[in-house]
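To find a chain, count down the sequence lines: A is the first, B the second, and so on, and within it residues start at 1.
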Amino acid sequence: MAPLTFWKPGTVGPGSTFDRASEAEENIVSYAPSSSLLSVQAQRERLPIFKHKLPQYLYEAGWAQDGNVIACTQPRRVAATSVAMRVAAEVGSMLGDEVGYTIRFEDVSNKERTRIRYLTDGMLFREALVDPLLSSYSVIMIDEVHERSVYTDLLLGILKKIRRKRPSLRLIVSSATLDASSLLEYFRADNGPDEAIILSLEGRMYPVEVAYLQEPTPDYVKKAAEVAWDINSRQGPGDILIFLTGREEIDRCLEELAEYLPTRKGNASRLTLLALHAGLTTEEQMRVFQPAERGYRKVIVATNIAEASITIEGIKYVVDCGFVKLRTYNPTTTLSSLAVVPTSLASAVQRAGRAGRTSPGICYRLYPHHVIKTFTKTTPPEVTRTDLTTPILQLKSLGIDDLMKFEWVTPPPAESVLRALEGLVNAGMVDHGGALTEVGQKVAECPVEVNIARMLFSSKDFQCGEEILTIAAMTAVQNVFVIPDGADGALAELERRKFTAEEGDHLTLLNTYNAFVKYGKSSSWCKNHALSFRAMSRAVSIRSQLKKYMQRFGLPLKSCEGDAKRLRQCLVSGYWRNGARWVADGTYRSIRGNIPLHVHPDSVLFTRKPKSGWVVFHEMEETKKIHIRILTEIDPDWLLAHGHKFQEKSRS
DNA sequence: GAGCACTGC
């Protein structure tokens, strides 16, 4: 094999812009003077403040007196729970006592006693729907702001508004990469000197050297395997983490690596090859945490899940392909796309950092150094590349009527806001004057998409609340069916067919759920039927939560008693804009825009033409083609009955 | 005719 040609900045080529990143310690880079928070820092004699300690210091400094609570938000559930556990232990509190957490389906906190409360950003945002001034909190710390999740952005926006009415509320905004001064400006713009904001920059623990490929590679999957093999032959011990964009690439890379195995030289380690992506079972995901056996080196080939969501200790070498699969949303066509695009600079730094968590490491970037100049600084915030229907309904519910005046940290495209409003008006959630309707107010509180909410409400007329509730829960979870590769995959396909309903995927999901419940919600049963126990259990939780909302809204939980026609009519009441017509070549055409649509291979209608020639679908997404997922056959007349507004519009 | 990055309520 030809030697690999890399160069390392600082040793061969010009100095790298990333030298600084490797030295960054966790420290505070910016703060507003004259804030009371500084006294906390002073008490600690300006020792470095570790991020997770901040709420504790505030607690000790008396910020949680008189019934006040210190909140700390995280974009992910695991982070909220694990940080809460750690802090509870450090404070010497039982989890759920002075220190607690609140995530969907799990409230481990005490209304009277909890002083430091960790929650997901979505949960705190939801709390604002009930208590618009978030009046129980004295300090709110928003962590991982650089990730810029939709709910982080919405929270920042409403907190800016809240602070005008309640200046005593202190904010701490913590970000690993975000340009500190611009966010400080965002909050300072119209607030007085009493502002209290700290932005912290967190760094990795050990330096990471960065090496670039001298020539671009035509096939980064193949190259990644080659580099990993080269590391194993020449470099000292330490596990290898490879970043690729998706499952298909991961499997291909593992195959490439497997081919190298017989060529191993005597002094090199044996390799343990592992895949890591969200489609795997929990069991499979856990394997990456097991230390390699003696004489073995782990090679983990992962998607972006390893960039922030899952942290693996002991990684010394990172191989970064420089690309990521990113979702974008086109409001004009309401089409969301999943495309492979170059990573941002921030993302590249983050990936490299994964090599330095337990010792100094090396990151091999599979592109030439000059390419990095073309990278964007950060990934565009989610709010600019997603459907805003639900967020805007919630903002309306918070009394923020003029959405153009809402102070977004980054404003979404105007077209996106308009399209969301249009969708809400069509769905009867917002009236033509832009005000929330009675139904809209209810739906805003209910954690489902607008089209699903419409079905829940119309299930009263079709008398199928019981079934629609299950379908609503099942469409909200991903990766219900786990289909492995190879021979096991074919067997799994056969298992899945046992649940297949002729009418399509929604009824198939319903059958699957009912069977899961009937057979005791067992994990071994799931395994035998190629189902994800995690996904199914989640569906159970979601269903019981939605059930409470239905009861609150006075919606009957009637069963349609096997009358699939009624059930499908009810589906159309929510999906009426997602109709499609079968054409002779096996594809479909959308009723909106006559766009060619391809059935996703997961669908039970992938191999069959629906008798009526018409379907409604849950969602569409563009990858190489435009795919529609979760289909149900319908009678086209039902579209006329429910979608008459659209039909009138299309004729005019 | 053949495929979903990752979160969250």
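Of all the residues in residues 129-136 of chain A, not one reaches under 4.0 Å from DNA chain B with any non-hydrogen atom. Shown for residues 389-398 of chain A: no residue has heavy atoms falling under 4.0 angstrom of DNA chain B.
For the pair A/Leu597 and A/Thr587, the tightest heavy-atom approach, listed with the atom from each and the gap, is O-CB, 3.4 Å.
The aromatic rings of A/His506 and A/His618 lie perpendicular to each other, with more than 60° between the two planes, well past the 30° mark. The aromatic rings of A/Phe125 and A/Tyr151 sit tilted relative to each other, their planes meeting at an angle between 30° and 60°. The aromatic rings of A/Phe406 and A/Trp408 sit perpendicular, their planes meeting at an angle over 60°, well past the 30° parallel limit. A tilted orientation is assigned to the rings of A/Phe499 and A/His529, their planes being inclined by 30° to 60°.
For the residue pair A/Tyr101/A/Gln74, the side-chain donor-acceptor check at 3.5 Å is not satisfied.
Listed nucleotides: B/dC9, B/dA5, B/dG3. Nearest to the side chain of A/Leu338: B/dA5. For A/Ile305, whose side chain is taken as the heavy atoms from C-beta onward, the closest listed nucleotide among B/dT7, B/dA2, B/dC9 is B/dT7. Listed nucleotides: B/dC6, B/dG3, B/dC9. Nearest to the side chain of A/Lys625: B/dG3. Of the candidates B/dG3, B/dG8, B/dA5, B/dG8 carries the atom nearest the A/Arg77 side chain, counting heavy atoms from C-beta on.
As judged by a 4.0 angstrom heavy-atom cut-off over every strand, A/Asp602 is placed among the base-contacting residues. Looking at heavy-atom distances under 4.0 Å, A/Ser309 makes contact with sugar-phosphate atoms alone, never a base. At a threshold of 4.0 angstrom between heavy atoms, the contacts of A/Thr623 are confined to the sugar-phosphate backbone, with no base atom among them.
A/Arg327 has its CZ atom 9 Å from the C1' atom of B/dC6, to the nearest Å. The CG atom of A/Leu124 sits 21 Å away from the P atom of B/dT7 (whole-angstrom rounding). Summarising the geometry, the separation between CD1 on A/Ile250 and C1' on B/dG3 is reported as 14 Å, rounded to the nearest angstrom. The distance from atom CZ of A/Arg351 to atom C1' of B/dA5 is 10 Å, rounded to the nearest whole Å. What separates CD1 of A/Ile103 from C1' of B/dG8 is a distance of 11 Å, to the nearest Å. The distance from atom CD1 of A/Ile142 to atom C1' of B/dG8 is 14 Å, rounded to the nearest whole Å. Taking atom NE2 of residue A/His598 and atom P of nucleotide B/dA2, one finds them 8 Å apart after rounding to whole Å. For the pair A/Ile630 CD1 and B/dG3 C1', the interatomic distance rounds to 15 Å; values are reported in whole Å.
For the pair A/Arg496 and A/Phe481, the cation-pi criterion (under 6.0 Å, within 45° of the ring axis) is fulfilled.
Between A/Gly279 and A/Arg538, the residue anchored closer to the 5' end of DNA chain B is A/Gly279, taking for each the nucleotide with the nearest heavy atom. Nearest-nucleotide positions on DNA chain B place A/Glu248 closer to the 5' end than the other of A/Cys446 and A/Glu248.
The side chain of A/Thr120 places an N or O atom within less than 4.0 Å of a non-bridging phosphate oxygen (OP1 or OP2) of B/dC9.
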Exercise for review: Take A/Glu621 and A/His627, measure what side-chain contact (heavy atoms from CB on, under 4.5 Å) needs, and give me the verdict at the end.
Suggested key: CA-CA 5 Å; A/Glu621 186 170 66; A/His627 281 112; 5.6 Å; no
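The side chain to side chain contact (heavy atoms under 4.5 Å, CB included) search around A/Glu313 returns A/Thr311, A/Arg357, A/Thr358, not counting sequence neighbours.
For the pair A/Ser603 (side chain) and A/His600 (backbone), a donor-acceptor distance under 3.5 Å is absent.
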